[in-house]
Every structure is written in C-alpha cells, then in structure tokens.
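Notes for the one structure printed next.
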Amino acid sequence: MRAADPFVPSLFRVERVSRETADTITLALSPTQGTPPAFLPGQFFMLYAFGIGEIPVSVSGLSGEGPLLHTIRAVGPVSQALCQLEAGDVLGARGPYGSPWPLAQAAGSDLLLIAGGLGLAPIRSALLPALAERERYGRIALLCGARSPEGLPFGPEIGRWRSQPDLQVEVTVDHASPAWRGSVGVVPSRIPYARFAPERATAFVCGPEVMMRFTALALLGAGVAAERIFLSLERNMKCAFAVCGRCQMGPTFVCRDGPVFPYSRIARLLSLREI
Ligand SMILES: Cc1cc2nc3c(=O)[nH]c(=O)nc-3n(C[C@H](O)[C@H](O)[C@H](O)COP(=O)(O)OP(=O)(O)OC[C@H]3O[C@@H](n4cnc5c(N)ncnc54)[C@H](O)[C@@H]3O)c2cc1C
Ligand code: FES
C-alpha cells in the first residue's frame, strides 16, 4: 500500500471504535480504496491525525482477517486525536514497518507471551496467529499485568482466553480494587507460575521499558537463553524507514531493525534513555 512518496500516507476509514479502558480504544480501519494491507505480527504503521501529527502504532489484530486493528492510548496530542475519531472518520496510515515477532522461529518451542499494560496490543498480534496454529507450539502461556484491573485492555477477551484449555493465562495488577480476586504484583513475579521448559522456550515481551528489563532478567534467571527472549522497543520516530535518524541508537535504527529485537542484541540499548 506504500504510495510513490514514502512519506505520503494512504487514506483509511474508521469502521468501528471499541473502548478498551478509560483512555484506550481500538480502531478498526479499512482503506478507502482496495483491501487492507498485509502485515506481520509485531509490525507497526504510522497513523496520521490530519493537521496534528503522525505516530507509530503497532498492529493488534490478525493479518488478512478484515480491517486493520490498532489499539491506542491517549497520552498526548496525536494519540488523543486518534482516540477521538469516530466510525466514518478518515485518517492517514502508512506501513507496515519494522521487524515482526519471530513466530516461525519459535515453532516447536514453548511460547511465553508477556505483556505490561498496553504492551498486550502487540502481544495479541502474536497470540492470535499462535492460537490459530496451536499445533505448531508446545505450551503457551500469556502473562499480563496492568497498574489496576481497570487498566487492563482486552478484558472480555482475556476472560475467553482463560477458559481455553491449551493456553495458560496469568493476570496480575500493581494495585487491586476491592473486587479484584486475582494476583497482585509486577508481571515478572508471575514467571515462576508459568508452565514452560526453559531450554526450549521462546519469550515475546512488550511493555514499559522498566518492566521489560526486569522481565528479561527474570527469564534469564529462569534459564531462557538471551537469544530466545524478544522485546519490542519503543522510541520516538518520524520517517519509520531509517532515513531521518530520529530513532537511531548507534548503528541501530529501531524503526528498521526493530521494534522487535532479541535481548542478546539490545540489552545495552535498553539501559539508554530516549535521545
Ligand atoms: C514501534 C512502536 C509501536 C507503538 N505502538 C503503540 C500502540 O500500539 N499503541 C499506543 O497507544 N502507542 C504505541 N506506541 C507509542 C506511541 O507512538 C506514542 O504514545 C505516541 O508517539 C505519543 O504521541 P503523542 O503526540 O500522542 O504524545 P507525545 O506528545 O509524544 O507525548 C505526550 C506525553 O506522553 C508521554 N508518552 C509518549 N509515549 C508514551 C507511551 N508510549 N506511554 C506512556 N507515555 C508516553 C510523553 O513522554 C509525554 O509526556 C508505539 C511506539 C512505537 C515506537
Ligand atoms: S524513524 Fe527515522 S530513522 Fe527511524
């Protein structure tokens, strides 16, 4: 779907808006012309709120199954404008960009999918195809956490995943409400409860950087190899195709070489703050 000028977005119409939490929605987008573009789980698009700006947003759905799904939290001008769109509105989108979750490489292994907060959006894009081809993997465990029960995106769907016999789901929150009956604590604290064989496990992790750092250390401590721990990194972006340098960290362009990296490659970058 890329136009001749790689900076020019294509037009997409909002098919529907689903509310996930107080500040987070999922947009279902279809191109105003043609069919939705193919993408790989973990990739992202640049979404353009006209007159305001453009931001990277991961795919949260399955490729080839209807509209593009993007789950967005309102944190600043562009994400707020995107969160205010309604069915029928038009926005710009270009992509897909970036490296995907290595699902093919993970085939045959136990799969640990670990999400903090809105990190569940890109993790969902890996979980859905893994469940669709369940026989390709060993055990699958989804560990997700949020600050509070109200901050968990995809709540009803998590409930359905919990009832699936071949999927282990562990949910934890930092601060429980009186009605919360689940675990309280940070996401890495659920790793000891996940059923997996470390020597044949692959982990995909997405969430705030501090959560990813501690999760990666906990996975290493549990015996998962650094080359089999994959993290999705967030950095400010402008072009998304490795020309502007906005997301560059030494020889690494997060937009082109990432956002999904093996921990063995980015352990050092993880300790660097945004430039
Ligand atoms: C590869 C990639 C994939 C992404 N996928 C998603 C996604 O699926 N859904 C989504 O909502 N966002 C996603 N983001 C983050 C999103 O691009 C930023 O939140 C966005 O750029 C914010 O732009 P803004 O103009 O709304 O706010 P800004 O003006 O850029 O920021 C406003 C305030 O919010 C803070 N802020 C910025 N980003 C974040 C953040 N991610 N979390 C918490 N605080 C933040 C800033 O420090 C600032 O204080 C992704 C980023 C990358 C690089
Ligand atoms: S966003 Fe321009 S180089 Fe990565």
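Both counts, for ligands and for their atoms, begin at 1 and track the order of listing. The figures here come from the full heavy-atom set of this structure, side chains too, leaving out hydrogens, waters and symmetry mates.
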SB check Asp110 Arg195 (cutoff 4.0 Å): no
Partner set under salt bridge (charged side-chain N to carboxylate O under 4.0 Å, His left out) for Arg73, not counting sequence neighbours: none
Under 4.0 Å from ligand 1 - residues by heavy atom, chain and number: Phe44, Ile55, Pro56, Val57, Ser58, Thr71, Ile72, Arg73, Val75, Gly76, Pro77, Val78, Ser79, Leu118, Glu234, Arg235, Met237, Pro259
Residue list, side chain to side chain contact (heavy atoms under 4.5 Å, CB included) with Arg147, at least two apart or on another chain: Asp174
Polar contact flag, side-chain donor to acceptor under 3.5 angstrom, Thr26-Ser18: no
Short side-chain to backbone donor-acceptor contact, Thr172 and Gly185, under 3.5 Å: yes
Ring-ring centroid check Phe7 Phe241, cutoff 6.0 Å: yes
Ring centers of Phe50, Tyr48 separated by less than 6.0 Å: yes
Heavy-atom closest pair, residues Ala115 and Met211: C-CE, 3.7 Å
Neighbouring protein N, O or S atoms of atom 2 (Fe) of ligand 2, below 2.8 Å: 2
Charged N-O contact under 4.0 Å between Arg16 and Glu86: no
